[in-house]
Structures are given as C-alpha cells and as structure tokens.
Amino acid sequence: MERRAFLGTAAIAPFTSLGADAASGAFRFIHFTDTHIQPELRGSVGTKDCFAAINREPHDFAICGGDTVMDAFEQPHEKAKALFDLYGATVRDLAKPVYTVPGNHDVFGVSAKSGVAPSDPLYGKKFYEDRLGARYGSFDYQGWHFIRLDSVFITPQKTYEGRVDDEQLAWLKRDLEKTGRRTPLVVVTHIPLATAFGTFPFPDLPELRPVLTVTNARQVLGLFEGYNLKAVLQGHTHIAERVEHRGVQYLTSGAVCGNWWKGAHYGTKEGYAVLTVRGEEISWEYRTYGWKAV
C-alpha cells in the first residue's frame, strides 16, 4: 500500500454494507475528480459538501482523478502553496484512504504566467509529490489490481499534452508482468485514454486534441493486451460518460466542481462516482451532491 497517498489515514478495513456479498469479495469505492478547489465562487465550500456526501456512501477507499487545485500551473509560489494547503486541509475530511493521480492544474509554475523559474525546487510535479505522494504507482485490494498513471506530459514549450512518459511505460510493463494475466485490473488517469468528448453534441476541437486525450493511448493500451483490464477511470473533461470497447469500460466521472464552480458543464452536474465490485464485475454510477452555484 502507498501510505503517502492515504494522507495519514488508517489501513483499509472492508465495509460490511453489501451484506452477504462482502464475504464473496464484493466491495465499493469512490472515484472523484477535478475538485479545482479555490476560495473563489465558494469552491472550498462545495468541495467540503462533496466530501461530506462521499462520507455518507458506504465504501472502502477513494481515488482522486487529479486537478485537485485551481490552479498551480499559472500561479506563483505563494498562491500555489495556499491552494495545496486548502486542499490538504479539506481532503482530510474524508474518512477513508485516498489515492491520487496528478492533473494538469496540479503541476506547479510551468506556465510563463507564473513567473516561476525551472530551477525552483518545487517546479513541475515536485510540489504535488511532496503533498500527495508519488505521481504513479499501483496497489492491490481484494484480488483487484489498481494502477495509477500520470498522464500529464510537460512540453518544451512550457505547456502540457496528454501522454504517459517512457519511464512509466517501462514500469507499467514490469508491474503487469508481476501482477499476472488473470488478475482484474483498473487503471486511473487524469487525461482520458478514450472519450467521446469532441463528438456528438460537444464541440469538435481538433486543435485541442493533444490536451484533451492521451496522445499515446494506443501504446499504453497495447501493454494491456492479454491482461484482464476491466475499467479505466478518467477525469479532465468534466463530463460524466461511459464508453465501452472490447469489454473494457472507460469511465469519466464528471467533476466535483462542474463547470469550474459555475454550474453544470454540458449537462453534467457537480458530482462523483460510486463503483461496486462483485467477483470480476465492476459497475459505475455517477451521483450529484446538490451543489448550487453562486
């Protein structure tokens, strides 16, 4: 277990609300993403309200899909520190362990607007790692293997794109070989590996495609060929959607902040997801928590 990601909480003890199913390996967990916590627009109040709703859900642990703050990418040190302090104090409200992956807004000082030099010791993802733990990794729970990926790649132009770097790809190959081909797998990423965003009623934004999806998704997913991948949990688009391909569910769990604390985003209200595992099956339900924008 990656205890740094637990933010000081105790070891996981399975909840019992699934009744007889609990004895057969059933469990439940939460996926929330894109909190974008901030003092403005009562964003910190909304985050606390969401976490209170999560605490009322029977579950064993939670996974945060990134973009914890709004934001560290363009902010100077003092503002970024205040936002990470605010998130750290608020996420401690959660009663169960929390695992986290980084989002693009969690990367510190990369934008020229921040005025932060690359020589700053907290530049990039170090701020995130010091506060929330390693940027990628894996853990096991009741026969399932959970893989956290960092999908935010910083470009030489001081911006970002969706990409899983070579270091992680090499680690992922080793992690899968160690886990074995029969174990059911869940992958967590901030930027989606597969999404319908940009099609159907949503705006087609081909020029933004590199920042909306993981550009080397085919390479990443190719490593899972022959393995028992069940679901990919995603964030970033603030849209709640379920895409299924070749038996794998690609589940994007909306955003805690909705449209950055200004209401629903393309019809997706502020919320989080509840996932229930029974045997080798996993189901997903998106839930709102009653937030009212200012």
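Taking the salt bridge (Lys or Arg N to Asp or Glu O under 4.0 Å) definition, one finds that Lys126 meets it with Asp130, sequence neighbours left out. Annotation: ring-ring contact (aromatic ring centres under 6.0 Å, His included) contacts of Trp284 (sequence neighbours excluded): none. Partners of Asp93 under the side chain to side chain donor-acceptor pair (under 3.5 Å) rule, at least two apart in sequence or in another chain, are Lys48. The side chain to side chain contact (heavy atoms under 4.5 Å, CB included) check on Thr288 picks up Lys269, Tyr286, with sequence neighbours excluded. In this structure Arg218 satisfies the side chain to side chain contact (heavy atoms under 4.5 Å, CB included) test with no other residue, sequence neighbours excluded. Considering only residues two or more places apart in sequence or on other chains, Tyr272 meets the ring-ring contact (aromatic ring centres under 6.0 Å, His included) condition with none of them. For His145, there are no ring-ring contact (aromatic ring centres under 6.0 Å, His included) partners at least two apart in sequence or on another chain. Taking Asp34 as the reference, nothing meets the salt bridge (Lys or Arg N to Asp or Glu O under 4.0 Å) condition, with sequence neighbours excluded. Residues that satisfy the ring-ring contact (aromatic ring centres under 6.0 Å, His included) test with Phe51, not counting sequence neighbours, are Phe32. Annotation: salt bridge (Lys or Arg N to Asp or Glu O under 4.0 Å) contacts of Asp120 (sequence neighbours excluded): none. Considering only residues two or more places apart in sequence or on other chains, Glu225 meets the salt bridge (Lys or Arg N to Asp or Glu O under 4.0 Å) condition with Arg246.
Every pair passing salt bridge (charged side-chain N to carboxylate O under 4.0 Å, His left out) that includes a residue from residues 62-77 is listed here, sequence neighbours excluded: Glu74-Lys113.
Between Phe61 and Phe29, the ring planes are parallel. Angles under 30° get that label, and only those over 60° would be called perpendicular.
The pair Glu270-Lys262 fails the salt-bridge criterion, with no side-chain N (NZ, NE, NH1 or NH2) lying under 4.0 Å from an Asp/Glu carboxylate O.
We find the NE2-OH distance between His190 and Tyr160 to be 7.0 Å, quoted to the nearest 0.5 Å.
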